[in-house]
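Notes follow the structure.
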Amino acid sequence: MNDRSGLSIALGALLLGSVWTQAAAQLVADYSPVTDERLRNPEPENWLMFRRTYDGWGYSPLDRINTDNVAGLEPVWTVSTGMTEGHQAPPVVNDGVMFVTTPLNSVLALDAATGDTLWQYRRQMPFDIRLGHPTNRGVALYGDKVYMSTSDTNVVALDAATGELVWEVVVEDYNGGYYMTGAPLAVNGRIMVGVSGGERGIRGFVAALDSETGEETWKSYTIPGPGEFGNDTWPEDTWQTGGAPTWVTGTYDPDLNQTYWGTGNPGPWIGDARPGDNLYTNSVVAFDVGGGEITGYHQYHWNGSWDWDEVSAPVLIDITRDGRTVPGLVHAGRNGYLWLLERRADGIGFVDAEPYVNHNVFTRLDPETGRPEYDMERKPGLDKPATFCPSLHGGKNWPPAAYNPVTGLFYIPANDNLCTTMAGEEVEYRRGQQFVGTDIRETSLVEGADHVGELQAWNLDTGERVWMHEFGEYSNWGPILTTAGGLVFLGGTADRYFRAFDGETGEILWQARLNSGITGVPSSFAVDGVQHIAVQSGWGVDAAGSQRRVDGLFGNPETIVPQGGVVWVFALPRN
Amino acid sequence: MLRGLCAFGLALPVASRAQGTDGAATPPAENDRLVFAFGERAGAAIARDDVTLGAEQLFAYPMDPLTGEIRNGTRLNQLVLVHVDRAGLTEQTRARAVDGIVAYSGVCTHTGCDITDWDTSTNRFQCPCHESQFDPSDGARVVGGPAPWQLAALPLKLVDGMLAAAGEFEGRVGFQQPGLDPLGGLGT
């Protein structure tokens, strides 16, 4: 198929309100099928899933690019995505073929060495959709297919070699407030997906689809129904519209065959509207991959009233505590605490937790369970304003933290010194519409604060913060890549810089100013032995709104960040 | 007049009308009555006095006056109504208003969210998703946030003391999907 015929098919499909794939003359030859074994032990040169490995480290074992030579890093190729808004997906690479997704659910298949476009899949959204967060966080690979969840709450399976649609299933009704932005998680023939909509009165869940047919294998709600454990933590029928979305990809422990997903805020935002703990909101929930049964949970904070989604999945890291190696679950919470939990066959245990940014709500954690006690003056109520820190965007929002086994450090993209003043008001549920119920919603700075964005490095064995870089009057929305070369890569700031830090010291070793701000997940891969660093630029969504507020707080004019997605690939000079 | 431009965009109501399909999904037409979209009075006709000066917007749908069919088959027909100070209206907006009551599409032109918030200090619509602001006194033009253009306006008149459409939508309803504009090829 040449470009001309591809375009004709594209326009014809669009007029029918459908989707289409545009393929270049050269399709993918000899595509390497993705097996469970490869997903468990990926080759160093490949980046096969959202965080590269099931444990969520965001770590590449490639070390040709390292602290000694990263200053020479330069662009190799770029590709425009043709889209605006927030580009958040990692470039996923399988044996020289790169797959990226964009806002509005395009998929680009690219030659990872040259940037040639192999095929692209475009999707037309329904005319009446509400795109609350027009973004997508990437594909899953399994077998000979590429999987993507969509803003109109479908999952599509594409032929990895041609981009042709193999199957498409509706997971939920977008008119009910659901949408999907996260990369699916592929395990043992299951394609697992989560949902967004915590601001629209959904009932969250994780669903597993058969990788070959798309048929639903299981669907487990993150709010228990009547008769199930935890349903009594919701008054009356509030469980039906209580939120608990699951919009960031889970992690997976192959030994326990359990997958761990973070859950978001309850709805409406103010806890007075739904007295009780509101399980399993603001939690990590463990599911058995086989049947979807909930095998454990830990609720980071109960009766949430601060919009602190805890959707980031915990990172699986072995931690040393009291001379014992703990199979850990590590989570830098949106609530501003760094949580260390223990994964077990029969549940999730609490180890310890401490704040990593300014925090004024928790007065004490139960040493056995980790359950927090609150300063009730910091908990907004119906018609009761309260000021709390961190702000509703949290100490860390969705951008993933990373762990480097070489440096032994855990890296957190943080925002500090921000607080929110909020008060609740009654809100009527209207299917699919905003279901938040707040009146006042204002952001403020901690008195005397001189910065917001931070990159923090923690030693989890000692519980110490080893170093921190401050980004001045910019907030930080940068997902993190770390490598065996001792490096930490991220963008995240409205000044459009993509940076490499020395993972041991926090020194900036390299930076490049890109076309737009970077909230994409960076990745690293190699082709023919040449290591590359890849990332999508494309500013938008919550990062843009957050920076507008921070600009105002510091008395600065609004930072203008150009729109437009570009895939950037960097490498060292060949000589 | 703008409709010709959006035949490839988000003009589902226009397309539906042309095909003579589902009446509930056809866009508002002249003489349509306006009815409450939600709440205890959902479906009841809206009188002039129901739209209180200075209050936040209420949501409405058009209703075919001949069949009584409420045009709620698509949320692109969702309207927001407010009553603002008539003296502050621009000439063009005053021509569409009944006293100070104005009606606009309730779907944001940025990414299609519902225009559910109201800033009482400035008398502006605000979108909860990305904080775009629109001035109802001046054709709902964009006065803040990322929205690229104003909300479509629905001219109003009174029929037997009840609010009714004086014409069709003026302007483009909904949002443009980037990368899907045929005039710009595959990508913008």
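Letters go in sequence order (proteins before strands), and every chain restarts at 1.
In terms of non-hydrogen atom pairs under 4.5 Å with chain B, the most contact-rich of A:Gln563, A:Glu199, A:Arg441, A:Gln434 is A:Gln434.
Residue A:Glu425 places its CD atom among more than 12 non-hydrogen atoms of other residues, nucleotides or ligands, all under 6.0 Å distant. For B:Glu91, the CD atom is loosely surrounded, since the number of other residues' heavy atoms within 6.0 Å does not exceed 12.
Both the backbone and the side chain of A:Gln433 come within contact range of chain B, with heavy atoms under 4.5 Å apart. Proximity to chain B (any heavy atom under 4.5 Å) is shown, for A:Arg431, by neither the backbone nor the side chain.
The distance from atom CG of B:Leu76 to atom CG of A:Asp128, rounded to the nearest 0.5 Å, is 5.5 Å.
Listed by chain and number, the residues in a side-chain hydrogen bond (donor to acceptor under 3.5 Å, both in side chains) with A:Gln88 are A:Thr135, A:Arg137 (sequence neighbours excluded). Taking the salt bridge (charged side-chain N to carboxylate O under 4.0 Å, His left out) definition, one finds that A:Asp542 meets it with nothing, sequence neighbours left out.
Taking 4.5 Å as the heavy-atom cut-off, the residues of residues 101-140 of chain B that approach chain A are B:His110, B:Thr111, B:Gly112, B:Cys113, B:Asp114, B:Thr116, B:Pro128, B:Cys129, B:His130, B:Glu131, ordered by number. Close approach to chain A, defined as a heavy atom under 4.5 Å from one of its heavy atoms, is seen in B:Phe38, B:Gly39 of residues 34-48 of chain B, taken by number.
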